[in-house]
Structures are given as structure tokens and as C-alpha cells.
Amino acid sequence: MSATASFEVPTPHGPRDVTVSYARVGHGEPLVLLHGIGHHRQVWDPVVDILAAEREVIAVDLPGFGASPALPDGLAYDLPTTNAVLAALFTALELDRPHVAGNSLGGLLALELGREKLVRSVTALSPAGFWSQAERRYAFSVLRAMRGTARRLPPALVERLSRTAAGRTALTSTIYARPGRRSPEAVVAETFALAQASGFEATLRAGRTVRFTDDLPHVPVTVGWGSRDMLLVRRQGIRAKRIIPRARLVRLPGCGHCPMNDDPALVARVILDGSR
């Protein structure tokens with residue numbers, strides 16, 4: 001069920017009010033799900049029911065994405081601010097060191113939360129932050145192109161394209177290896193979410209200097225990478241393993257950048273195994 005939480009976030013300029021939209025379902029140990037840039041929490045829908053059989057699942061819309069409002073003026077869309085927002089959200093929802101799984105930007109945020117010892121396990125699917133500069137520039141250029149297309153397409157054309165497998169491929173093949181499996185309604189919703197994401201540009205600007213370089217010796221970490229990831233190429237997973245040598249590195253055969261839709265059963269199993 002969809003809900004919102006409003007809470008104060010400490011900042012150098014004093015506490016600021018932030019509101020976050022989320023959905024909470026299931027029973028068991030809490031598991032927070034974090035999406036990537038330009039996406040929304042519904043990207044996790046293919047795996048939520050599987051996860052909810054064993055976990056209390058909290059799927060979050062990051063500030064400035066999905067149904068969550070933009071951050072208040074003066075707050076940056078950088079890692080320290082987002083860490084503070086998520087820590088405050090955990091407190092507001094009475095989550096004591098939940099498990100966390102994230103994809104892309106969400107994977108990087110999950111690792112950051114692990115570094116801050118705010119979570120009890122981390123599962124990062126194609127996480128940002130393990131790129132070379134050339135790979136980062138490539139990924140950012142693709143993301144900007146996707147955003148530009150989403151903003152230019154008339155809504156009626158998006159809805160018409162979504163009704164065919166070929167149209168869904170044209171709209172989403174950059175992030176899904178099997179875009180035809182995505183429902184028409186989901187493709188329409190995520191295209192609109194990308195077009196309307198108020199935090200997109202500021203988040204992308206903040207990411208220009210981001211690299212994840214810390215080991216996480218005190219937190220169980222699983223890193224999963226799709227074999228057909230066209231946005232963040234899979235050799236970045238090898239870098240992640242070198243930086244976090246105790247991490248479990250899992251190959252996701254036949255999956256793209258957002259593997260939850262390409263192979264829900266496999267991804268759910270990886271997350272559940274990583275959050276024991």
C-alpha cells in the first residue's frame with residue numbers, strides 16, 4: 001500500500017522537512033528497495049510479491065523521483081544528503097538497520113548505507129560508482145538521451161508504442177534485456193516518471209565525481225550484474241569485487257541493467273540469499 005512519510009533531515013543550515021513516498025508490504029525482517037536515477041519504486045514490482053513472502057518490503061521513491069517531491073531548496077542531490085534522508089526515513093518508519101537492496105544509483109546508495117553501518121546487509125544490482133571516467137561519460141550520455149526522448153514523446157505516442165513488443169523495445173531496451181516482458185502499463189508509467197523526475201539533472205551533476213572506493217568488512221554484501229547490461233558494463237562488477245573482496249559477486253545471465261524484470265525469480269533469490 002502506498003504511503004508517505006514526512007520528517008526532518010539535519011543539514012548544515014538547520015533541519016529541513018522532507019517527504020518521501022513508499023510502499024510497504026509483507027512480513028519478516030525489513031528489506032528496503034532503492035531504484036535508479038530517473039526511475040520509480042515500481043521498477044521492483046516484478047519481485048515484490050516473491051520477496052514479501054519472506055520479508056517486510058519497503059520500496060522507496062527517492063526524493064525528486066516517482067511520487068516523492070523534490071528536495072527543499074538548498075539541499076543537494078548528493079550522497080551525503082541522500083544518506084541523511086534515508087537514515088531519517090529509517091527512523092521515521094522505525095526501521096532498525098534494515099536489509100537494503102538497490103539497483104544502479106540505488107545500488108550505490110545501498111553501499112553507502114552499508115559503509116555508514118546503517119543497514120544489516122547490502123544487495124547491489126549493477127551499482128553506480130565502479131566506472132572508469134569513459135564508462136561514466138558513456139552512461140550519463142545514454143541517460144540524458146533517454147530523458148530527452150521521454151520528455152519529447154507525446155503521451156499518446158508513448159501509450160501507442162507500449163502496446164506492442166516492438167514499441168516497448170524501442171522505449172526500454174537500454175535498461176531491459178527482455179523489454180517485451182514489461183507490461184504496457186509499466187512502460188508508460190516509467191517513461192512518464194523519467195520525463196517528470198525533478199531530481200534527475202541535479203542527481204546526474206552530483207554523480208560526475210562519484211566513485212565507490214571503500215571496503216565494507218562489517219556488512220554482508222552481494223553484488224549482482226546482468227550479463228547483458230548495456231548501461232554499466234559488467235566488467236565494473238570485477239572492479240567492485242576487488243574493492244569489496246568479501247562481497248559475493250553474482251552473474252545474472254540474460255539480464256540487463258534493471259534485472260528485476262528480466263528474471264524476477266533469480267533476482268528475488270539473490271536478494272533473499274543476500275539478506276539472511
Side-chain angles (χ1 to χ4, degrees), residues 3 5 7 9 18 20-37 39-48 50-63 65-66 68 79-130 203 210 212 214-225 237 240 243-244 246-250 252 258-260 267-276:
F7 45 86
V9 176
V18 173
V20 167
S21 180
Y22 66 95
R24 195 169 190 169
V25 64
H27 302 280
E29 293 187 357
L31 168 67
V32 174
L33 303 179
L34 304 174
H35 63 76
I37 186 172
H39 234 140
H40 56 176
R41 65 176 184 264
Q42 287 85 351
V43 71
W44 295 99
D45 282 356
V47 299
V48 163
I50 306 173
L51 296 174
E54 300 185 39
R55 301 284 183 273
E56 182 185 25
V57 179
I58 302 97
V60 175
D61 276 330
L62 296 170
F65 298 97
S68 290
L79 292 178
T81 301
T82 307
N83 275 346
V85 168
L86 292 172
L89 174 66
F90 293 172
T91 299
L93 298 184
E94 300 182 343
L95 301 175
D96 181 20
R97 294 184 68 242
H99 301 285
V100 63
N103 172 227
S104 196
L105 168 64
L108 171 62
L109 296 174
L111 290 165
E112 286 283 323
L113 292 168
R115 185 174 59 80
E116 297 295 326
K117 301 179 182 178
L118 295 172
V119 296
R120 67 184 72 178
S121 75
V122 171
T123 303
L125 306 175
S126 294
F130 296 99
T203 301
V210 166
F212 194 87
D214 295 326
D215 189 11
L216 300 178
H218 306 299
V219 180
V221 175
T222 299
V223 176
W225 226 286
I243 291 167
I244 312 170
R246 295 173 185 81
R248 181 175 66 123
L249 179 60
V250 180
L252 306 175
C258 297
M260 302 81 81
V267 170
R269 178 48 49 197
V270 168
I271 294 172
L272 290 171
D273 287 348
S275 59
R276 297 295 178 194

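FYI, the numbering just counts along the sequence from 1. What you see below is based on every heavy atom in this structure, not just the backbone, and it leaves out hydrogens, waters and symmetry mates.
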State, yes or no, whether a side-chain contact exists between [X] and [Y] at a heavy-atom distance under 4.5 Å.
X: P127; Y: W225; answer: yes
X: T123; Y: L31; answer: no
X: I58; Y: P98; answer: no
X: R248; Y: D273; answer: yes
X: V210; Y: L79; answer: yes
X: H39; Y: F65; answer: no

Counting N and O atoms only, with roles assigned by atom type, does the side chain of R115 sit under 3.5 Å from a partner on the main chain of F212, one being a donor and the other an acceptor? no

Heavy-atom donor-acceptor pair, N103 side chain to G36 backbone, under 3.5 Å: no

Between R97 and E29, is there a salt bridge with N-O shorter than 4.0 Å? no

Ion pair D215/R246, N-O distance below 4.0 Å: yes

Show the numbers, then the answer: is there a side chain to side chain contact (heavy atoms under 4.5 Å, CB included) between V32 and L89? CA-CA 11 Å; V32 174; L89 174 66; 5.9 Å; no

Please test D61 against V20 for side chain to side chain contact (heavy atoms under 4.5 Å, CB included), starting from the C-alpha separation and ending with a verdict. CA-CA 7 Å; D61 276 330; V20 167; 5.6 Å; no

Please report the closest heavy-atom contact between [X] and [Y], naming both atoms and the distance.
X: E116; Y: N83; answer: CG-ND2, 4.1 Å
X: L118; Y: A87; answer: CD1-CB, 3.9 Å
X: A268; Y: L51; answer: O-CD2, 3.8 Å
X: H35; Y: V43; answer: CB-CG1, 3.9 Å
X: V267; Y: P259; answer: CG2-O, 3.4 Å
X: V219; Y: S121; answer: CG1-CA, 3.8 Å

Atom pair [atom1] ([X]) and [atom2] ([Y]), whose distance is rounded to the nearest 0.5 Å:
X: F7; Y: L93; atom1: CZ; atom2: CG; value: 7.5 Å
X: H99; Y: L272; atom1: NE2; atom2: CG; value: 10.0 Å
X: R276; Y: R120; atom1: CZ; atom2: CZ; value: 13.5 Å
X: I271; Y: L125; atom1: CD1; atom2: CG; value: 5.5 Å

Looking only at side-chain N and O atoms, does R41 offer a donor or acceptor that is under 3.5 Å from a partner on S21? yes

Yes or no on side chain to side chain contact (heavy atoms under 4.5 Å, CB included) for L62 and L109, after CA distance, side-chain angles and deciding distance? CA-CA 10 Å; L62 296 170; L109 296 174; 3.7 Å; yes

Apply side chain to side chain contact (heavy atoms under 4.5 Å, CB included) to residues L113 and V122 and explain how you reach the verdict. CA-CA 8 Å; L113 292 168; V122 171; 5.9 Å; no

